Amino acid sequence: MDRVARERELIFHEDVDDETLAPLFRALASKPRLRILRLLGDRLMNVTEIAEALGVPISTANSHVSLLEGAGLLLTEHRPAARGSQKVCTRAFDRLHLQLPTHQGTAGKQVETHMPIGAYVDCNVQPTCGLASETGIIGLFDDPASFYEPSRVDAQLLWFHRGYVEYRFPKRLPSTARVESVQVALEVCSEAPLHHDDWPSDITVWINGVEVGTWTSPADFGGQRGRLTPDWWETHSSQYGLLKLWQVTEAGSFVDGLSATEMTLSDLDLEASEFVTVRIGIDADARHVGGINIFGRAFGNYPQDIVLRLRYE
C-alpha cells in the first residue's frame, strides 16, 4: 500500500442515494478527521502516529480512522510491528466531486441498463491489447483476435492502444416517453505498458455514431491495488481507473458536467432504432494516444459495469 502522488478522484452524481452520502458527510463533518485526511495527503501513517500528530489518545484516533474508513475515504492494512501488528492508513482519494441533487417533476422516470464490458457487438483494436476475467487472461496478450473469443463475455478488464469497442443497449422506454438526457458512466483510464503515472490519453465516447465528448485521462493507474482487482493480477500492472460520466441533453453534451460538444439529443436520432449504440475508444485524430483500460464490476475501484441511463418524461 505504498503512497504514490497521483490524481485519484471519487465522483458522486446527482442521482446518488442518501444512504451513500450520509456516511460521507458525517465523516467530513469533523476538524480532527479533516486533519487526518490532510496528514495522509502525501504519506502513510499508523494510528499511533496519527494520534501523536493530533494530540489525542490512540483510542480516539482509531475511532476517527474507523469512521473515515467506513465512509470509503481511507485505505488501511495491518502490518507486522514490534509487538503484534499496526494499522497503516493512506488516503483513498485526492479529489471528491459531488453534484447535489435537484428536485425534478420527472424524478424517478429513468431506465438504467448495466452492460458487462465484454458484451460488445463490434470492435477494432490495436496492440497493446488484451482481456482479463476475474480468474485469468482471456486468449493471448497483444492479440486482437482474442477480442473475438466466446469467453470475452466474462471480461472484467479490457485494454487496447488504438481503436474502439461498441455496445448496443436496449431502449426500454414507454411509447409516449420523451427522452430528456442520455448518460454513459464507466470506470476508465489510459493504457501504458505495466502502468505509468504520466500517460495522457484522449478517450472518446460516441452515441448512435455521434461523437459526444472526449476526456483526457492523466495516467494509467497502478502500483497500488484496486479495491476490487483480483489478487492474481500483478500490482505493477493497471489497477483501477476513474469513474467518468458522459451526458447528452437538449442543451449540449458534457463530461462530468463540463461542456464537451454542441451535440444535443436531437443529433442522436434516438427514434431510429430499438437500441442505443455506445462506442468507446481512441479517435483516429486524437492528440494524446495513450490507449484505454475499461474496468468491469469485479476489477478496479467501482463495482459497476458500463451504465446507460435514459431519463424521460
Side-chain angles (χ1 to χ4, degrees), residues 1-11 20 40 44 68-79 87-96 114-120 125 128-142 146-147 149 151-161 165 185-199 201 203 215 217-245 280 290-307:
M1 192 178 64
D2 296 330
R3 171 69 193 181
V4 180
R6 59 167 64 95
E7 179 185 9
R8 299 182 299 181
E9 60 183 353
L10 177 63
I11 299 175
T20 300
L40 297 176
L44 298 172
L68 288 167
E69 185 180 11
L73 297 174
L74 289 190
L75 300 175
T76 64
E77 67 178 34
H78 289 275
R79 293 183 175 180
K87 191 174 189 178
V88 178
C89 313
T90 186
R91 200 165 70 187
F93 302 99
D94 295 331
R95 297 182 183 180
L96 300 177
H114 295 248
M115 183 69 69
I117 67 170
Y120 48 84
V125 305
T128 55
C129 62
L131 307 96
S133 69
E134 289 185 69
T135 58
I137 297 298
I138 297 172
L140 302 173
F141 281 113
D142 296 336
S146 295
F147 277 69
E149 293 283 350
S151 56
R152 69 181 185 275
V153 296
D154 298 321
Q156 294 297 319
L157 172 66
L158 64 82
W159 66 94
F160 52 88
H161 181 63
V165 285
L186 67 152
E187 182 177 354
V188 65
C189 72
S190 309
E191 157 57 20
L194 301 181
H195 79 276
H196 201 298
D197 291 329
D198 183 14
W199 196 266
S201 187
I203 296 171
W215 169 66
S217 172
D220 177 357
F221 303 107
Q224 176 173 297
R225 302 297 302 177
R227 291 185 178 185
L228 306 170
T229 301
D231 291 339
W232 68 269
W233 185 256
E234 296 182 343
T235 303
H236 60 251
S237 295
S238 309
Q239 288 291 316
Y240 58 89
L242 302 179
L243 188 62
K244 310 305 292 183
L245 178 74
I280 305 163
I292 184 172
N293 278 289
I294 301 177
F295 297 81
R297 64 184 179 277
F299 242 95
N301 279 346
Y302 301 93
Q304 72 163 60
D305 298 306
I306 301 171
V307 178

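Because the structure is a prediction, the values reported are computed rather than measured.
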Chemist: With rounding to the nearest 0.5 Å, note down the distance linking CD1 in Ile280 to CD1 in Ile203.
Modeler: 9.5 Å
Chemist: In Å, rounded to the nearest 0.5 Å, how long is the span from CZ of Arg297 to CG of Leu228?
Modeler: 11.0 Å
Chemist: Enter the distance from Ile294:CD1 to Ile306:CD1 here, rounded to the nearest 0.5 Å.
Modeler: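 Result: 5.0 Å between the selected atoms.
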Chemist: Return yes if some donor-acceptor pair links the side-chain N/O of Thr90 with the main-chain N/O of Leu44 below 3.5 Å, else return no.
Modeler: no
Chemist: Are any non-hydrogen side-chain atoms of Phe299 and Asn293 less than 4.5 angstrom apart?
Modeler: no
Chemist: Report yes or no: does Gln239 contribute a side-chain atom to a donor-acceptor pair with the main-chain N or O of Gly226 at less than 3.5 Å?
Modeler: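 It does hold such a pair.
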Chemist: Provide the closest heavy-atom pair for Gly296 versus Ile117 in the form atom of the first, atom of the second, distance.
Modeler: N-CD1, 3.7 Å
Chemist: Using 0.5 Å steps for rounding, measure from the CG atom of Leu68 to the CG atom of Leu40.
Modeler: 8.5 Å
Chemist: Donor-acceptor pair, Trp199 side chain versus Asp220 backbone, under 3.5 Å?
Modeler: no
Chemist: To the nearest 0.5 angstrom, please state how far the CG atom of Leu157 sits from the CD atom of Glu134.
Modeler: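 Rounded to the nearest 0.5 Å, the CG-CD separation comes out at 12.0 Å.
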Chemist: Is Leu131 close to Glu149 at the side-chain level, that is, under 4.5 Å between some pair of heavy atoms?
Modeler: no
Chemist: I need the minimum non-hydrogen distance between Asn301 and Arg227, along with the two atoms involved.
Modeler: OD1-N, 2.8 Å
Chemist: For Ile137 versus Trp232, what's the shortest heavy-atom pair and its separation?
Modeler: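 Heavy-atom minimum between the residues: N-CH2, 3.8 Å.
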Chemist: Where the side chain of Tyr120 meets the backbone of Arg152, is there a donor-acceptor pair that is under 3.5 Å apart?
Modeler: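 Side chain of Tyr120 to backbone of Arg152: no pair is present.
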Chemist: Output yes when a side-chain donor or acceptor of His195 lies under 3.5 Å from a complementary backbone atom of His236, and no otherwise.
Modeler: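 Judged by distance alone, yes, a pair lies under 3.5 Å.
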Chemist: Out of curiosity, Leu186 CG to Tyr302 OH, how far, rounded to the nearest 0.5 Å?
Modeler: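 Between atom CG of Leu186 and atom OH of Tyr302 there are 11.5 Å.
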Chemist: Between Asp231 and Arg225, what is the shortest heavy-atom contact and its length?
Modeler: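 The answer is CA-NH2, 3.7 Å.
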Chemist: If every non-hydrogen atom of Cys189 is compared with every non-hydrogen atom of Phe295, which pair is closest and at what distance?
Modeler: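 That would be SG-CE1, 3.8 Å.
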Chemist: Could you report the tightest heavy-atom contact between Cys89 and Leu74, atom names first, then the distance?
Modeler: CB-CD1, 4.5 Å
Chemist: Any side-chain donor-acceptor pair under 3.5 Å between Ser190 and Ser217?
Modeler: yes
Chemist: Testing Arg79, Glu77, Glu69 for side-chain contact (heavy atoms from CB on, under 4.5 Å) with Lys87, which one passes?
Modeler: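 When Arg79, Glu77, Glu69 are each tested with Lys87, the side-chain contact (heavy atoms from CB on, under 4.5 Å) holds only for Glu69.
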Chemist: Is there a side-chain contact between Val165 and Phe160, using heavy atoms and a 4.5 Å cut-off?
Modeler: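 Val165 vs Phe160: side chains touch.
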Chemist: Give a yes or no answer on whether the side chain of Glu191 reaches the backbone of Trp159 with a donor-acceptor pair at less than 3.5 Å.
Modeler: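 Side chain of Glu191 to backbone of Trp159: no pair is present.
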